[in-house]
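Okay, so here's the structure we're looking at.
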Amino acid sequence: MTLKNDKTMRKELYEAFLALETIEETEKFLDDLCTIKELEAMSQRLRAAKMLLQGKTYNEIVEETEISSATLARVSKCVRYGDGGYKDVIDKQS
């Protein structure tokens, strides 16, 4: 797969998300698209990002979410130095 095709396919995925209008539509789409483990992992990462932004400690986050320390470190790096995607979504949910 070429980089151009990869970008095109990711854009199509992003556009699919934007086309969803309800939680039920989103749930059906993600249930078809992802495995249970993938959904659990994404849910875990989002919860960890929320907790980091609330000032929770790594220990509190690991205890509540059961996220691995390596994954939590990646989430933390994204929250601190990333493009702001986690914060944008979390702010919109508030």
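Count residues from 1 along the sequence.
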- Closest non-hydrogen atom pair, M51 against I61: CB-CG1, 3.6 Å
- Message: Check this for me: I36, atom CD1, are more than 12 non-hydrogen atoms of other residues, nucleotides or ligands nearer than 6.0 Å?
- Response: no
- Note on the structure: Between the CD atom in E63 and the CG atom in N59, the distance rounded to the nearest 0.5 Å is 8.0 Å
- To the nearest 0.5 Å, how far apart are OG1 in T26 and CD in E24? 8.5 Å
- Message: Are M42 and V89 linked, directly or through intermediate hydrophobic residues, by side-chain heavy-atom contacts shorter than 4.5 Å (ILVMFWY only)?
- Response: no
- Message: With a 4.5 Å cut-off on side-chain heavy-atom distances among I, L, V, M, F, W and Y, is there a chain of contacts connecting L53 to V62?
- Response: yes
- Is the shortest distance from a Lys or Arg side-chain nitrogen in D6 or R10 to a carboxylate oxygen in the other one below 4.0 Å? yes
- Message: Please report the interatomic distance CG(L39) to CG(L33), rounded to the nearest 0.5 Å.
- Response: 8.0 Å
- Atom of E25, atom of A19 and distance for their closest heavy-atom approach: OE1-O, 4.2 Å
- Task: Flag yes if more than 12 heavy atoms outside E66 fall under 6.0 Å of its CD atom; otherwise flag no.
- Result: no
- Task: Any chance you could measure T8, atom OG1, to L13, atom CG, to the nearest 0.5 Å?
- Result: 12.5 Å
- For residues I67 and Y58, determine if any side-chain heavy atom of one lies less than 4.5 Å from a side-chain heavy atom of the other. no
- Message: Around atom CD of E40, are there more than 12 heavy atoms from other residues, nucleotides or ligands closer than 6.0 Å?
- Response: yes
- Taking C-beta and beyond as the side chain, do L52 and L72 meet within less than 4.5 Å on heavy atoms? yes
- Query: Roughly how far, to the nearest 0.5 Å, is CZ of R80 from OH of Y86?
  - Reply: 13.0 Å
- Message: Can you confirm whether more than 12 heavy atoms, excluding those of D83, are under 6.0 Å from its CG atom?
- Response: no
- Close side-chain approach of K56 and E64, heavy atoms under 4.5 Å: no
- Query: NZ of K77 to CZ of R74: how many Å apart, nearest 0.5 Å?
  - Reply: 10.5 Å
